[in-house]
**Student:** 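Please read through the structure below; I'll follow up with questions.
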Amino acid sequence: MGKVQEDFVRSFCAAWGDGSDASRPDVDAILSMMSEDAEWQLWVPGGPVIKGRVALREEITRQMEFATNNKCNEVNILSSDTMVMQERSDTAIIFGRPCPHQMVAIYEFDDVGLIRRWREYLDMADLTAKMGSDANPTA
């Protein structure tokens, strides 16, 4: 059963973009894979928690103002019927600078198979340094 969730997460990640200049996150596809009351913790520990599809749309749209060329690159994946844990080596251009970054993302699913909770564990000090000292992705 976990294979279904793994493939779902792979589709979810693909909706964020293919890394090309022309690629942009498919916001409608992304939100359709999340429950109405879904939560996204942008980084753990300490990152903001975005709740609900309206707020999620606003956050993704906000990030699209300074981040381009997004590509989620799976390294490892592990799953159960209700959770997927994915190690990634992602790439993006943030504030005009290449920002490769390593992370672990954990996705929890609701009873109908939509993402209800999503947490990303990454080193924000490393990512902030790559963005440049004057960049502030949380502003």
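All figures in this text were calculated on a predicted structure; none of them were measured in a lab.
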**Student:** If you apply the rule side-chain contact (heavy atoms from CB on, under 4.5 Å), what do you find for W43 with M103, and how did you get there?
**Tutor:** CA-CA 9 Å; W43 63 85; M103 73 164 57; over 6 Å; no
**Student:** Determine yes or no for a side-chain-to-main-chain donor-acceptor pair under 3.5 angstrom, with R24 supplying the side chain and M64 the backbone.
**Tutor:** yes
**Student:** Take V84 and I77 through the test side-chain contact (heavy atoms from CB on, under 4.5 Å) and record every step on the way to the result.
**Tutor:** CA-CA 7 Å; V84 171; I77 196 163; 3.7 Å; yes
**Student:** Using a strict threshold of under 4.0 Å (side-chain N to carboxylate O), is an ion pair present between E65 and R62?
**Tutor:**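 Judged by the 4.0 Å cut-off on N to carboxylate O distance, R62 and E65 do not form a salt bridge.
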**Student:** Using the side-chain contact (heavy atoms from CB on, under 4.5 Å) rule, take E120 and D90 through it: C-alpha gap first, then chi angles, then the decisive distance, then the call.
**Tutor:** CA-CA 12 Å; E120 294 182 326; D90 291 359; 5.6 Å; no
**Student:** Is the shortest side-chain N to carboxylate O distance from D110 to R117 below 4.0 Å?
**Tutor:** no
**Student:** Measure the CD1-NZ distance between I93 and K130 for me, rounded to the nearest 0.5 Å.
**Tutor:**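 One gets 12.0 Å once the value is rounded to the nearest 0.5 Å.
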**Student:** Please check if atom CE in M85 has more than 12 non-hydrogen atoms from other residues, nucleotides or ligands closer than 6.0 Å.
**Tutor:** no
**Student:** Parallel, tilted or perpendicular: which fits the ring planes of F66 and F95, with parallel below 30° and perpendicular above 60°?
**Tutor:**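 F66 and F95: parallel rings.
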**Student:** Calculate, to the nearest 0.5 Å, the distance between atoms CZ and CG belonging to F8 and L114 respectively.
**Tutor:**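 If we round to the nearest 0.5 Å, F8:CZ and L114:CG are 5.5 Å apart.
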**Student:** CG of N70 to SG of C99: how many Å apart, nearest 0.5 Å?
**Tutor:** 10.5 Å
**Student:** What distance separates S80 OG from F109 CZ, expressed to the nearest 0.5 Å?
**Tutor:**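 Going from the OG atom of S80 to the CZ atom of F109 covers 9.0 Å.
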**Student:** Assess whether a salt bridge exists between R119 and E108, defined as any Lys/Arg side-chain N lying under 4.0 Å from an Asp/Glu carboxylate O.
**Tutor:**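 A salt bridge links R119 with E108.
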**Student:** Among all residues two or more places apart in sequence or in another chain, which pass the salt bridge (Lys or Arg N to Asp or Glu O under 4.0 Å) test with E36?
**Tutor:** R53
**Student:** Would you check if there is a donor-acceptor pair between the side chains of E6 and S79 at a distance under 3.5 Å?
**Tutor:**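 Side-chain D/A pair, S79 to E6: present.
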